[in-house]
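The structure under discussion appears below in the form of structure tokens.
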Protein chains: 2
Amino acid sequence: MVQAARWLGLSPDHVFGLAALPYGSYTAAHHAEEYRVGVAIGDRVLDLTSATGRLMPARAHLFAAGGLDDFLAAGDLAWAQVRESLTAWLSEDQFRPAIEDLLVPAAAVSLRLPFAVADYVDFYASENHAANGGRMFRPGAEPLPPNWKHLPIGYHGRAGSVVVSGTPVRRPCGQSRPPGADAPVFGPSTRLDFEAELGFVVGARSHRGEPVPVSRFPEHVFGVCLVNDWSARDIQFWETVPLGPFLGKSFATTVSPWVLPLAALQHARIRPPSAAASLLGYLTETAAWGLDIDFEIRLNGAVISRPPYATMYWSPAQMLAHLTVNGAAVRPGDLYASGTVSGPEPSQRGSLMELSWNGTEPLGLPDGTSRTWLQDGDEVTISATAPGADGVRIGLGSATGVILPAVMESPAGRD
Amino acid sequence: MVQAARWLGLSPDHVFGLAALPYGSYTAAHHAEEYRVGVAIGDRVLDLTSATGRLMPARAHLFAAGGLDDFLAAGDLAWAQVRESLTAWLSEDQFRPAIEDLLVPAAAVSLRLPFAVADYVDFYASENHAANGGRMFRPGAEPLPPNWKHLPIGYHGRAGSVVVSGTPVRRPCGQSRPPGADAPVFGPSTRLDFEAELGFVVGARSHRGEPVPVSRFPEHVFGVCLVNDWSARDIQFWETVPLGPFLGKSFATTVSPWVLPLAALQHARIRPPSAAASLLGYLTETAAWGLDIDFEIRLNGAVISRPPYATMYWSPAQMLAHLTVNGAAVRPGDLYASGTVSGPEPSQRGSLMELSWNGTEPLGLPDGTSRTWLQDGDEVTISATAPGADGVRIGLGSATGVILPAVMESPAGRD
């Protein structure tokens, strides 16, 4: 096992140890306008933009712009080479003089959106989540839609609304139709929710007209991040038939600042439940790309759920194969999310809608209050860890957001 | 009335006369790698990148990159100034020496996607189109969904699949469930369709959390283009419940190469049907942004439909107000389309699904053949004209595409 260099003073069980090495983009306090690519190591961030300039000049252009875009586009050979070099720099004493001054305390940097989001797709890959929805809204009927076990259902979301962890989320206004009412009303959402999801970040592009087979998933997808697909259920339910979610989702989607490369997740790979099913050829997977990742959701600091990603029915390789089977191409910066991660147990549900059973079973919090839906000022934090190399656990960091009160002005009044 | 300079030799009824002046992006045959912004004037294209360098150096940087992105972002003052200057250059003889050598025959240029598409949204704003769908698929029931007259229904599409007119469209493969079958099958779509739409191109950005009121539509939207929202009905119908269209639409969306500025459409403005309805405040429009644009759809050269845009229920100002009412921001390059334009008459329907009544009434063509759905080799061309200044008609150009046969390989077989 490769160990982090002793001079780093890294605890061996730190989730941002040598087995993780996630990438992000930051500005340091003393260079507020200067973006840099950083790699998390323990409680510090390595300035990769400067480090490659010193130690790996042939790849330095990939990090010069300070975001991950060029690195994502560079493809899997570049991803592997940079990770291998990073591992050497952080484990061999000879590199200490070259990198020690490039390590900054994580608390001293401001993390920003790590890449420019091209197209954003949201899947619906948790059987428990989909079935919970069916039980709530179509009681007595078959909980899953007829197509659910034949294809990973997905839809396009709003790329321009993806924000980095820590960005406050304004409660949206919109139309909804109260139960029993004839006509819709306009106002702040009263059923604001979160959805804990895993996001997959596309690096290398594919070509229009050429589907990406399940086996080529790791050539195109660089890594993963955490996603909170904030949802205004009242707006969503009124608008969603027949063309799907729109404004109920498009006001904000939060992602974690660190993108963990697939290379770090080799030890988390498991067979997803769909591996036991008989599927159409393009969805039949030989390599296992289910992922044993443990999620944790905190509301105002209290853990309210621990969804197990291992229960997700569809793998991300199947999602990518489906997304492209009609000839649609993927581009660097495409982001596709798993859909809400919900396990079979009530304590493993990945949305407040499920945790409060559509508002009928308030969720008690340690401070003595309870929630059916999110209140103004509530802070939701999604974090996750996974098995890494040599029995250590690696971290995906966290995605957090605080709800700001709605601005209830009539847009027409702002003329 | 301002007349085009006589030396241009322009026919007064040319749809690309001085009243139109649409913008595009092109490469000339002798500079294949060099992109330029062009303005259509008659059967020629003015090299605006070079012309502003000579005559308007303060604005030249907006066109230096050869696409419309920087110009879109520059905002309505820049849009107005450039249009005013263009009008002078093309009407006053004094400018002949400065621009004559910058006019190239339209046939000698290769037009490309005029701007980088940020987020793509597709609306559903034609009452006739929506009601036709209801009559076909929910016979005996209310043809419109309950929310249809309360809000402009929309959903996000795939920005990365937007291609410029002339790009061939490969017939997509995918899952569908044949009528009466228990399980889905995989194969080339057998129900390939077009949808004739109008697209609205966003220029100036808005800010997250700040809805754009209907009255501010012309500050944010630069202009319009034609859109063909190609649709694979069999794929769409199987996937679409509950999260809406996905692969049935995401394989290709064709746009016309010319973006006609809103400034050219002042004489086409009419009150849309929704102006007579009682709507929630943010959708109540005082200025009329319905548009009297005549569409024409040709299949292999023969006109098969003439949809009137004037019948569209929701205006583009209402669509933008709705899109942003939850706080979602718009960015330069955002594209939102109207949805299929269908008039009340059978000869005014904007999709083959409606023209053939879901395949039950084959559409006869002049060559003696008929169509229920598109065949390989079929060419679909959407064009449109509108009233311009002083009684002339102005053109939006056309969006065309030829269907290529599916590549029916098993993606798994390509490993």
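Below, chain A is the first sequence line, B the second, and so on; all start at residue 1.
- For a residue to count as touching a neighbouring chain, one of its non-hydrogen atoms must lie under 4.5 Å from one of that chain's; by this rule Leu247(B) touches chain A with backbone and side chain alike.
- A distance below 6.0 Å separates the ring centres of Phe217(B) and Trp289(B).
- The salt bridge (Lys or Arg N to Asp or Glu O under 4.0 Å) test applied to Arg233(B) returns Asp193(B), Glu195(B), not counting sequence neighbours.
- With sequence neighbours excluded, the residues forming a ring pair (Phe, Tyr, Trp, His ring centres under 6.0 Å) with Tyr313(A) are Trp148(A), listed by chain and number.
- Interface check for chain B: of the options Arg171(A), Lys249(A), Arg331(A), the most heavy-atom pairs under 4.5 Å are formed by Arg331(A).
- A salt bridge between Arg158(A) and Asp334(B) is present, with a side-chain N of the basic residue lying under 4.0 Å from a carboxylate O of the acidic one.
- In this structure the side chain of Tyr336(A) reaches within 4.5 angstrom of the side chain of Pro316(A), judged on heavy atoms.
- Other residues, nucleotides and ligands contribute over 12 non-hydrogen atoms within 6.0 Å of the CZ atom of Arg112(B).
- For chain A, no part of Leu404(B) is nearby; none of its heavy atoms comes within less than 4.5 Å.
- Atom-to-atom distance recorded for Ile235(B):CD1 and Arg191(B):CZ is 12.0 Å, nearest 0.5 angstrom.
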side-chain contact (heavy atoms from CB on, under 4.5 Å) between Thr340(B) and Glu354(B), worked out:
CA-CA 10 Å; Thr340(B) 307; Glu354(B) 293 164 273; 3.7 Å; yes
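- With sequence neighbours left out, Trp230(A) forms a ring pair (Phe, Tyr, Trp, His ring centres under 6.0 Å) with no residue at all.
- Only the side chain of Thr167(B) comes within contact range of chain A, with at least one heavy atom under 4.5 Å from a heavy atom of that chain.
- For a residue to count as touching a neighbouring chain, one of its non-hydrogen atoms must lie under 4.5 Å from one of that chain's; by this rule Pro188(B) does not touch chain A.
- Both the backbone and the side chain of Val330(B) come within contact range of chain A, judged by heavy atoms closer than 4.5 Å.
- At a 4.5 Å heavy-atom cutoff, the contact between Ala159(B) and chain A is made by backbone and side-chain atoms alike.
- Of all the listed residues (Ala116(A), Pro146(A), Ser189(A), Ala130(A)), the one sharing the greatest number of non-hydrogen pairs under 4.5 Å with chain B is Pro146(A).
- Counting only heavy atoms from C-beta outward, the side chains of Asp229(A) and Tyr120(A) approach each other to under 4.5 Å.
- A 4.5 Å side-chain heavy-atom check between Ser274(B) and Gln318(B) finds at least one atom pair inside the cut-off.
- Annotation: side chain of Leu279(B) is not in contact with side chain of Glu285(B) (no heavy-atom distance under 4.5 Å).
- Interface residues of residues 150-157 of chain A toward chain B, defined by a heavy-atom distance below 4.5 Å and sorted by number: His150(A), Leu151(A), Ile153(A), Gly154(A), Tyr155(A), His156(A), Gly157(A).
- Between chain A and the residues Ser250(B), Pro145(B), Ser161(B), the most heavy-atom pairs under 4.5 angstrom are made by Ser250(B).
- Comparing Leu280(A), Leu243(A), Leu323(A) by heavy-atom pairs within less than 4.5 Å of chain B, the highest count is held by Leu243(A).
- Neither the backbone nor the side chain of Phe137(B) comes within contact range of chain A; no heavy atoms are under 4.5 Å apart.
- Between chain A and the residues Ala321(B), Ala252(B), Gly133(B), Pro245(B), the most heavy-atom pairs under 4.5 angstrom are made by Pro245(B).
- The CE atom of Met353(B) lies 13.0 Å from the CG atom of Leu192(B); values are rounded to the nearest 0.5 Å.
- Counting heavy-atom pairs closer than 4.5 Å to chain A, the top residue among Ala406(B), Gly327(B), Ala328(B) is Ala328(B).
- Residue with the most contacts toward chain B among Arg170(A), Glu239(A), His322(A), Arg177(A): His322(A) (heavy-atom pairs, distance under 4.5 Å).
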